[in-house]
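Working notes, beginning with the structure itself.
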Amino acid sequence: MSSVKVESVVKTSALVGEGPVWEESDKTLLFVDIPGRKIHRWNSVTNQIQSVETADSVGFAIPRKSGGYIAGVGCSIVAVDWSTKVMTSLARVDEDKRNTRLNDGKVDPIGRLWAGTMLAEGQPEERKQGSLFSVTADHTVTKHLSQVDISNGLDWSLDQKTFFYIDSLALTVDAFDYDATTGKIGNRRVVYRLEEEEGLPDGMTLDAGGRLWVACYDGGRVLNIDPATGVRLQTIPLPATKTTSVCFGGPDYTDLYVTSASMGLDQSELKKQPQAGHTFRVTGLGVKGRPPHFFSG
């Protein structure tokens with residue numbers, strides 16, 4: 001294996017950087033700052049950042065096939081016109097609740113959006129307030145899971161028969177049987193259980209070989225896991241303990257981009273971690289990722 005290198009490429013410190021998505025057409029990395037209420041686009045060629053502010057916390061932003069982006073703002077699924085910075089609400093989730101917000105989201109191979117919720121910051125502590133939803137091209141919302149603590153990383157196997165999912169406080173990476181045609185999931189089982197020093201499982205992606213890459217919040221690392229055996233194959237240390245999410249991008253999807261958070265660190269911790277909240281690029285892994293799916297609606 002070639003030598004693995006970790007470098008900070010987006011040096012603007014996010015409160016909670018999340019949801020990286022590579023846009024091949026412009027060689028840009030799309031990501032959000034959840035409590036910072038911003039969607040960012042970092043151009044890897046020019047090293048410039050463009051940003052759009054959102055009206056509430058923003059859990060994710062993903063390209064749409066029709067142009068622009070789909071984003072999770074508060075509990076609303078919104079269309080984002082990047083050129084005008086106008087956002088239009090398409091659907092809402094958790095309409096029966098007032099204490100949750102959207103967190104991680106991703107589009108499946110068919111073009112459906114999958115996104116989950118969690119207890120919003122500043123709310124009285126209460127377990128399992130979140131849910132997991134899918135949204136079709138016509139903006140129909142379906143709830144798949146309830147009693148979720150922190151709905152987080154999600155992705156689909158190469159054969160489109162397995163859905164991988166993380167509820168962070170369960171400390172596991174789980175798998176479901178997945179029906180691509182109907183979008184139904186079932187037969188939940190644990191693929192990997194994190195050890196105490198590995199932190200909380202957060203964002204996740206699959207490489208072109210079908211292996212999982214999991215960001216570990218409060219663990220300062222990314223884990224490479226074989227879902228077929230449940231074996232941890234590799235650990236990539238990061239210079240930021242609050243590692244949040246991952247995606248592949250760059251030349252032929254050979255670079256791994258990793259977001260992180262600075263929120264929750266005191267001054268002494270920030271001095272020890274001056275790159276907390278930065279976005280990192282990991283090279284030399286010897287693997288390739290897959291292009292992201294765009295929302296069909």
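Only heavy atoms go into these numbers, but all of them, side chains included; no hydrogens, no water, no symmetry mates.
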With no hydrogens and no angle check, do the side chains of D252 and T254 hold a donor and an acceptor under 3.5 Å apart? no
If you measure from the Lys or Arg side-chain nitrogens to the Asp or Glu carboxylate oxygens, is any gap between D155 and R290 under 4.0 Å? yes
Within this structure, what is the NZ-CD1 distance for the pair K85 and I39, rounded to the nearest 0.5 Å? 11.0 Å
Atom OG1 in T279, atom CH2 in W42: separation rounded to 0.5 Å? 8.5 Å
Does [Y] offer a backbone N or O that forms a donor-acceptor pair with the side chain of [X] under 3.5 Å?
| X | Y | value |
| --- | --- | --- |
| Q129 | R127 | yes |
| S44 | K27 | yes |
| H278 | K11 | yes |
| D33 | L15 | yes |
| R112 | P109 | no |
| D159 | K161 | yes |
| D81 | T84 | yes |
| T142 | S134 | no |
| D179 | T182 | yes |
| Q123 | A120 | no |

Is the closest side-chain heavy-atom distance between [X] and [Y] below 4.5 Å?
| X | Y | value |
| --- | --- | --- |
| Q50 | H40 | no |
| V73 | L102 | no |
| K184 | F176 | no |
| R41 | W82 | yes |
| L285 | Q234 | yes |
| E18 | N152 | yes |
| P35 | E121 | no |
| K242 | D202 | no |

Do [X] and [Y] share a hydrophobic cluster, counting only Ile, Leu, Val, Met, Phe, Trp and Tyr and linking them when any side-chain heavy atoms are less than 4.5 Å apart?
| X | Y | answer |
| --- | --- | --- |
| Y192 | L206 | yes |
| F248 | V21 | no |
| M204 | L171 | no |
| Y253 | V9 | yes |
| F164 | L132 | no |

Step-by-step side-chain hydrogen bond (donor to acceptor under 3.5 Å, both in side chains) determination, T259 to T244: CA-CA 5 Å; T259 51; T244 54; 2.7 Å; yes
Side chain to side chain contact (heavy atoms under 4.5 Å, CB included) for L212 and V191? Distances and angles first, verdict last. CA-CA 10 Å; L212 299 165; V191 170; 4.2 Å; yes
Centre-to-centre under 6.0 Å for [X] and [Y], is that the case here?
| X | Y | answer |
| --- | --- | --- |
| F163 | W114 | yes |
| Y257 | W22 | yes |
| H293 | W156 | no |

K288, NZ atom: more than 12 neighbouring heavy atoms under 6.0 Å: no
Step by step, work out the salt bridge (charged side-chain N to carboxylate O under 4.0 Å, His left out) result for R211 and D207. CA-CA 6 Å; R211 298 204 166 95; D207 63 30; 5.8 Å; no
After noting the C-alpha distance and the side-chain angles of D255 and K5, does the key distance pass the salt bridge (charged side-chain N to carboxylate O under 4.0 Å, His left out) rule? CA-CA 10 Å; D255 298 340; K5 179 183 177 184; over 6 Å; no
